[in-house]
Peer 1: 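What follows is a single structure, and I will ask about it in a moment.
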Number of protein chains: 2
Amino acid sequence: MKEEKKILRKHIEIKGLRKTNQRYKVLEVFLANDEHLSVDELYFLVKKRYPEISHSTVFRSMKIIFNAGLAAKIRNFDGLIKYEHSYKHKQHGHMICSNCLKIIEFDDIQIKELLKKAAKEKEFKPQIFRTKILGLCKKCNSA
Amino acid sequence: MKEEKKILRKHIEIKGLRKTNQRYKVLEVFLANDEHLSVDELYFLVKKRYPEISHSTVFRSMKIIFNAGLAAKIRNFDGLIKYEHSYKHKQHGHMICSNCLKIIEFDDIQIKELLKKAAKEKEFKPQIFRTKILGLCKKCNSA
DNA sequence: CTCATTGCAAAGCCTTTGCATGGAG
DNA sequence: CTCCATGCAAAGGCTTTGCAATGAG
């Protein structure tokens, strides 16, 4: 069994929730796609394989998957909430193409260190670090 | 006349738009408040002084003020679009308290340099840099 | 059996827009 | 006069929730 599934199962146990197939199926589809997915997009993918699962179940399952620490949320100017993998997924930043909306991930470990320092100076207890660059990807810039 | 007002006036001229009082009044109230304001919050403040101005005018005026380069947009997980001053406002990052939602600005010039480097590596043409730290402010952390 | 979960549809909530009226140029 | 801007109200678009039916424990 996939490690992520075990983690979800454990999270469900700890929280005293019920182990339903829907939750594992949503997780399975979520893990099978490396994109940043909105609930709607994920629902679309889930439906292809498991047409019996509803939009609200995908929505609520993602909430649980998020709470289990398996997904991270992103929200950009389009207003859509998107989820990305967070389990054993290296810390990274996002470059977002204003034209084609493509998201490129990049390593930001050094930056994180500077952010930690900044937080310390302001006596702020950091939990999550985010770095983002808006601009044009190679393709859109040369087009 | 305030420098920002001149800039707005010039922007309006260049774009061939009309110089209406509403636009200048919205700008005035926006500049008088150093907070990060959503259109709704700004509308509330505008209404106190100029009750005849409507919500949609505030909304549309902020769009123009944004295009004139006088305001920057922020969008967090609450989903609300907020505007902050951007004219002669030093480049900075945001620390956002998950508890009281307070926003603390911090200097991120060094970080910006690293981000530029990262963009170059991915052949990405950067336009806007964003850094954000979620966590707890001093007060909420000790409470 | 009991109570959490599902699916459906609808409510919420902010953002954005259509349209008739008003006002700058 | 000509059109852009304004105000109002309503439409959009995504997220979230109420409720009756279903199913895990």
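Numbered from 1 within each chain, the chains take letters A, B, ... in sequence-line order.
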Peer 1: Any ion pair linking Lys25(A) and Glu52(A) (charged N to carboxylate O, less than 4.0 Å)?
Peer 2: yes
Peer 1: Could you tell me how far apart Arg75(A) (CZ) and dC14(D) (C1') are, to the nearest whole angstrom?
Peer 2: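 In whole Å, dC14(D) C1' lies 8 Å from Arg75(A) CZ.
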Peer 1: Specify the separation, in whole Å, of atom CG of Leu42(A) and atom C1' of dC14(D).
Peer 2: 15 Å
Peer 1: Please tell me which of the listed nucleotides, dT16(D), dG7(D), dC14(D), lies nearest to the side chain of Ser54(B)?
Peer 2: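 Among the listed nucleotides, the one closest to the side chain of Ser54(B) is dG7(D).
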Peer 1: Regarding Lys19(B) and Glu13(B), does a basic nitrogen lie under 4.0 Å from an acidic carboxylate oxygen?
Peer 2: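 So Lys19(B) pairs with Glu13(B) through a salt bridge.
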Peer 1: Return the value, rounded to whole Å, for the distance between atom CG of Asn21(A) and atom P of dT22(D).
Peer 2: 18 Å
Peer 1: Just checking, Lys138(B) and Phe124(A): is the charged tip under 6.0 Å from the six-membered ring centre and within 45° of the axis?
Peer 2: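 Because its charged atom misses either the 6.0 Å distance or the 45° angle limit, Lys138(B) does not stack over Phe124(A).
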Peer 1: Round to a whole Å and report the spacing from CG of Leu17(A) to C1' of dG25(D).
Peer 2: 13 Å
Peer 1: Regarding Lys5(A) and the six-membered ring of Tyr24(A), is the cationic atom NZ or CZ under 6.0 Å from the ring centre and inside 45° of its axis?
Peer 2: yes
Peer 1: Contact boundaries of DNA chain C with chain A (under 4.0 Å, heavy atoms), 5' to 3'?
Peer 2: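 Answer, 5' to 3': dC3(C) to dC8(C).
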Peer 1: To the nearest angstrom, how far is Asp40(A) atom CG from dG12(D) atom P?
Peer 2: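 In whole Å, dG12(D) P lies 17 Å from Asp40(A) CG.
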Peer 1: Let me spell it out: for each of Ser38(B) and Thr20(B), pick the nucleotide of DNA chain C with the closest heavy atom. Which residue's pick is nearer the 5' end?
Peer 2: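 Its nearest nucleotide lies further toward 5', so the answer is Ser38(B).
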Peer 1: Applying side chain to side chain donor-acceptor pair (under 3.5 Å) between His36(A) and each of His94(A), Lys82(A), His85(A), Glu41(A), report the one that passes.
Peer 2: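 When His94(A), Lys82(A), His85(A), Glu41(A) are each tested with His36(A), the side chain to side chain donor-acceptor pair (under 3.5 Å) holds only for His94(A).
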Peer 1: Quick check on dG7(D): is either OP1 or OP2 less than 4.0 Å from any side-chain nitrogen or oxygen of Thr57(B)?
Peer 2: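 Indeed, a polar side-chain atom of Thr57(B) lies that close.
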Peer 1: Just how far, in rounded Å, is P of dA5(D) from NZ of Lys15(B)?
Peer 2: 12 Å
Peer 1: Please classify the nucleic acid contact of Arg60(B) as base, sugar-phosphate, or nothing, using heavy-atom distances under 4.0 Å.
Peer 2: base
Peer 1: Return the value, rounded to whole Å, for the distance between atom CG of Asn76(A) and atom C1' of dC14(D).
Peer 2: 15 Å
Peer 1: I need the CD1-P distance between Ile81(B) and dG13(D), as an integer number of Å.
Peer 2: 15 Å
Peer 1: Report the nucleotide, chosen from dC14(D), dA5(D), dT16(D), that has the shortest atom-to-atom distance to any side-chain atom of Phe59(A).
Peer 2: dT16(D)
Peer 1: Where each residue is assigned the nucleotide of DNA chain C containing its nearest heavy atom, which of Ser56(B) and Arg18(B) is assigned the position nearer the 5′ end?
Peer 2: Ser56(B)
Peer 1: Do the side chains of Glu84(A) and Lys73(A) get close enough for a salt bridge, i.e. N-O under 4.0 angstrom?
Peer 2: no
Peer 1: Quick one about Tyr87(A) and Glu3(A) (side-chain donor to acceptor, distance below 3.5 Å, no hydrogens or angles considered), yes or no?
Peer 2: yes
Peer 1: Side-chain N or O of Gln22(A) versus OP1/OP2 of dG23(D): is the shortest distance under 4.0 Å?
Peer 2: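 The answer is no; no side-chain N or O of Gln22(A) sits under 4.0 Å from OP1 or OP2.
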